[in-house]
Novice: 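Sharing a structure below in structure tokens format, with a few things to ask.
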Amino acid sequence: NTDAVDHGTFLLRTSPTGAPIWQTYIASDYSNPVKCWDMDVDADGTISLGGDLEYGATFYSANDGPSYLAEPTEPDYGGHMYAARYDADGQFQWCLYAIDNDFGSQVVAVATAENGDLFITGNNDHYYTTQVSELHHSDGSVAEMTGYCGFFVAKLDASGHLAWGNGALF
């Protein structure tokens, strides 16, 4: 899918010799790309990603598995931070993304704990005007947020729900 390559994030699992095992992608629903700023692969091969998306993105699974449309309700030109997880077979597991205003937010680093929890860190626009108002989970749950901040650190449980966070957002 050339559109996914142009406007999305492409995931490819290879064998130790470099032979392709599976591939999938996260496709943008707009002309601006879905950005992946960091990824982590745990000992079981589970892939965790962090970055930002604009207007919306579809998280596809390898081999025609389940997909998920992350669709921010506040369309703007700033990115919306996201964290997502795929299993070792390239199947989409979950996504958590922000609804924010103005210039956007992004996850810039992810780290997976041995128990599957995910630590994320990121930032908001350099004008310190972005307010993340909600965190939407692919299971339909929503966490309300308050405040402005220039940066954040948060812990997500293994299923992608917010366990705690610091910075003015939490």
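Note that the structure is a prediction, hence the values are computed from the model and not measured.
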Novice: Taking atom CZ of F152 and atom CD of Q106, what is their separation to the nearest 0.5 Å?
Specialist: 8.5 Å
Novice: Search all heavy atoms of H80 against all heavy atoms of E54 and return the closest pair with its distance.
Specialist: CD2-CA, 4.4 Å
Novice: Assess whether atom CG of N115 is packed by more than 12 heavy atoms of other residues, nucleotides or ligands within 6.0 Å.
Specialist: yes
Novice: Mind checking whether Y60 and Y68 have ring centres under 6.0 Å apart?
Specialist: no
Novice: Determine, stepwise, if the pair N63 / W22 fulfils side chain to side chain donor-acceptor pair (under 3.5 Å).
Specialist: CA-CA 7 Å; N63 303 313; W22 56 257; over 6 Å; no
Novice: How close do M39 and V41 get, heavy atom to heavy atom, and via which atoms?
Specialist: CE-CG2, 4.1 Å
Novice: So, for L156 and A83, which heavy atoms are closest and what is the spacing to 0.1 Å?
Specialist: CD1-CB, 3.9 Å
Novice: For L12 and P20, which heavy atoms make the closest approach, and how far apart are they?
Specialist: CD1-CB, 4.1 Å
Novice: Check whether the ring centres of Y25 and F10 lie less than 6.0 Å apart, and answer yes or no.
Specialist: no
Novice: CG/D89 to OG1/T46 distance, rounded to the nearest 0.5 angstrom?
Specialist: 9.5 Å
Novice: Check the side chains of D157 and S159 for a donor-acceptor pair under 3.5 angstrom, ignoring hydrogens and angles.
Specialist: yes
Novice: Between D40 and S48, is any side-chain donor less than 3.5 angstrom from a side-chain acceptor?
Specialist: no
Novice: Measure the OH-CD1 distance between Y82 and I26 for me, rounded to the nearest 0.5 Å.
Specialist: 4.5 Å
Novice: Side-chain heavy atoms nearer than 4.5 Å, only ILVMFWY residues, links allowed to pass through others: does that put W37 and L96 together?
Specialist: no
Novice: For side-chain contact (heavy atoms from CB on, under 4.5 Å), just list the numbers for F59 and S138, CA-CA rounded to whole Å, side-chain angles, deciding distance to a tenth of an Å, and then say yes or no.
Specialist: CA-CA 10 Å; F59 292 76; S138 53; over 6 Å; no
